[in-house]
Amino acid sequence: MAADWVCSAERTVVFTGAGMSTESGIPDFRSPGGIWDRFDPAEFTFQNFMGSEEGRRRYWELGRMVYPVLRGAEPNPGHFAVAKLWQLGRLDCVITQNIDNLHQRAGLPAERVIELHGSAMRARCLDCDRPYDRAQIQDWLEAGVSVPICDPPCGGVIKPRTIMFGEAMPSEETEEAERRSRAADLFIVVGSSLVVYPAAHMPVHAKRAGARLVIVNRTATPQDAEADLLIPGSAAETLAGIAERVHHRVALS
Ligand code: APR
Ligand code: ZN
């Protein structure tokens, strides 16, 4: 049924969360064993990062462990399936909460991926705005630097381009995501617990504007009652199956 809806929709938006990337080996946040099972999210807030050198040290200690997992991950069949829908002309855009760049690496043009929570692949100096490649910072961390700072003469605080708890959302991306959600006639949520706002408002915007809502998620979400279709299965398998059927129908038409 979901494939039929993708074929007949004018503007399909796919909204992804960490469950999109667990089959690429990246743990999600709220499943048993997920990141917030092992680390206390209250420690890794924007206030703590900005508030003290110790707060930044703790953040980079975690970042140093997580970044190699992100860098080493490969797009999974779910990412390739979403890119396939784009290639078939059946996708408007992806709105993602993920910071792993896997939608882009699976072949989606960057301008079709709205990264609501930023990207772990880039960093910048908060004082002079100089950009830094996260791989370069990883080298510093692995060489023993505990709190990376901007090159002399600046010496400013370097921060990854991810949105931390308590940090303002990127206004451009948020407005664009709201616009695309309201314009969608089919909105497919994949791999998100839909508990973090304002990201979790996007399916609400879509539904209110008249879109069909599909939720592909291993576990229940607070918006399941609003969904026109619930698919409690694997993101990768479900999306690969949908893309396969859409490809078949487009080829026959
Ligand atoms: N297939 C389908 N669903 C899956 C899969 C999978 N392979 N793996 C996990 N899931 C589901 C889980 O059941 C869970 O409901 O994906 C959901 C992931 O939820 P979260 O871990 O809460 O991730 P997310 O919704 O993206 O979190 C939102 O919270 O911590 C912040 O900034 C962080 O962007 C993140 C935000
Ligand atoms: Zn600087």
Side-chain angles (χ1 to χ4, degrees), residues 14-52 54-76 78-79 94-106 113-123 134-135 137-138 141-142 146-148 158-170 173 189-203 215-223 232-236:
V14 172
F15 174 92
T16 61
M20 182 77 205
S21 300
T22 52
E23 290 164 274
S24 295
I26 301 174
D28 67 12
F29 295 94
R30 295 172 182 84
S31 289
I35 291 182
W36 299 142
D37 251 4
R38 291 178 271 164
F39 298 95
D40 175 4
E43 261 204 75
F44 301 99
T45 60
F46 183 60
Q47 286 72 8
N48 282 2
F49 184 87
M50 297 305 290
S52 71
E54 177 52 18
R56 286 189 284 280
R57 193 192 64 72
R58 284 288 295 139
Y59 178 89
W60 285 113
E61 204 175 31
L62 175 61
R64 174 181 169 177
M65 288 186 276
V66 169
Y67 176 71
V69 177
L70 298 179
R71 180 171 54 184
E74 292 297 328
N76 66 53
H79 295 103
V94 164
I95 300 170
T96 189
Q97 301 171 92
N98 300 340
I99 59 175
D100 54 34
N101 197 42
L102 290 179
H103 284 300
Q104 295 91 324
R105 285 180 52 204
V113 183
I114 302 174
E115 294 176 313
L116 282 180
H117 293 163
S119 169
M121 302 303 147
R122 302 188 297 277
R134 181 62 182 76
I137 293 181
Q138 189 66 15
L141 294 169
E142 288 175 359
S146 55
V147 179
I158 294 179
K159 180 181 169 299
R161 279 193 177 276
T162 54
I163 305 301
M164 299 176 180
F165 281 124
E167 185 175 359
M169 290 288 284
E173 286 79 357
V189 173
V190 184
S192 180
S193 59
L194 294 178
V195 296
V196 171
Y197 287 85
H201 276 314
M202 299 307 158
I215 298 180
V216 179
N217 205 57
R218 276 225 176 95
T219 51
T221 82
Q223 298 189 32
S234 139

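What you see below is based on every heavy atom in this structure, not just the backbone, and it leaves out hydrogens, waters and symmetry mates.
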Pair R58 + E54: basic N to acidic O under 4.0 Å: no
The criterion is side chain to side chain contact (heavy atoms under 4.5 Å, CB included); which residues satisfy it with M50, sequence neighbours excluded? F46, L126
Atom CE of M20 and atom NE2 of H103: how far apart are they, to the nearest 0.5 Å? 5.0 Å
To the nearest 0.5 Å, atom CG of N98 lies from atom CG of L116 at 10.0 Å
Only counting residues at least two apart or in another chain, list the ones meeting side chain to side chain contact (heavy atoms under 4.5 Å, CB included) with F29. A18, I35, W36
Show your working on side chain to side chain contact (heavy atoms under 4.5 Å, CB included) between R38 and M65 and close with a plain yes or no. CA-CA 12 Å; R38 291 178 271 164; M65 288 186 276; over 6 Å; no
Distance (rounded to the nearest 0.5 Å) between T96 OG1 and Q104 CD: 8.0 Å
Look up atom CZ in R134 and atom CZ in R122, then write down how far apart they are to the nearest 0.5 Å. 13.0 Å
Here the pair of heavy atoms bringing I158 nearest to A123 is CG2-CB, 4.0 Å
Can you find a heavy atom in the side chain of R57 that is under 4.5 Å from one in the side chain of S52? no
Listed partners of S119 passing side-chain hydrogen bond (donor to acceptor under 3.5 Å, both in side chains), at least two apart: none
Under the rule for side chain to side chain contact (heavy atoms under 4.5 Å, CB included), what residues qualify as partners of T221, not counting sequence neighbours? L194, I215, N217, Q223, D224
Just jot down the salt bridge (charged side-chain N to carboxylate O under 4.0 Å, His left out) partners of R105, sequence neighbours excluded, or say none. E74
Please report the closest heavy-atom contact between A200 and V195, naming both atoms and the distance. CB-N, 4.4 Å
Which heavy atom of F49 sits nearest a heavy atom of P160, and at what distance? CZ-CD, 4.4 Å
Which value, rounded to the nearest 0.5 Å, describes the distance between E142 atom CD and R64 atom CZ? 5.5 Å
If you measure from CE on M164 to OH on Y59, what distance do you get to the nearest 0.5 Å? 4.0 Å
Nearest heavy-atom approach of G63 to Q138 is O-OE1, 4.1 Å
Taking side chain to side chain contact (heavy atoms under 4.5 Å, CB included) as the definition, give me every residue that meets it alongside T45, ordered by chain and number, with sequence neighbours left out. Q47, N48, F165
Identify the heavy atoms of S24 and P75 that sit nearest to each other, and give their distance. OG-C, 3.8 Å
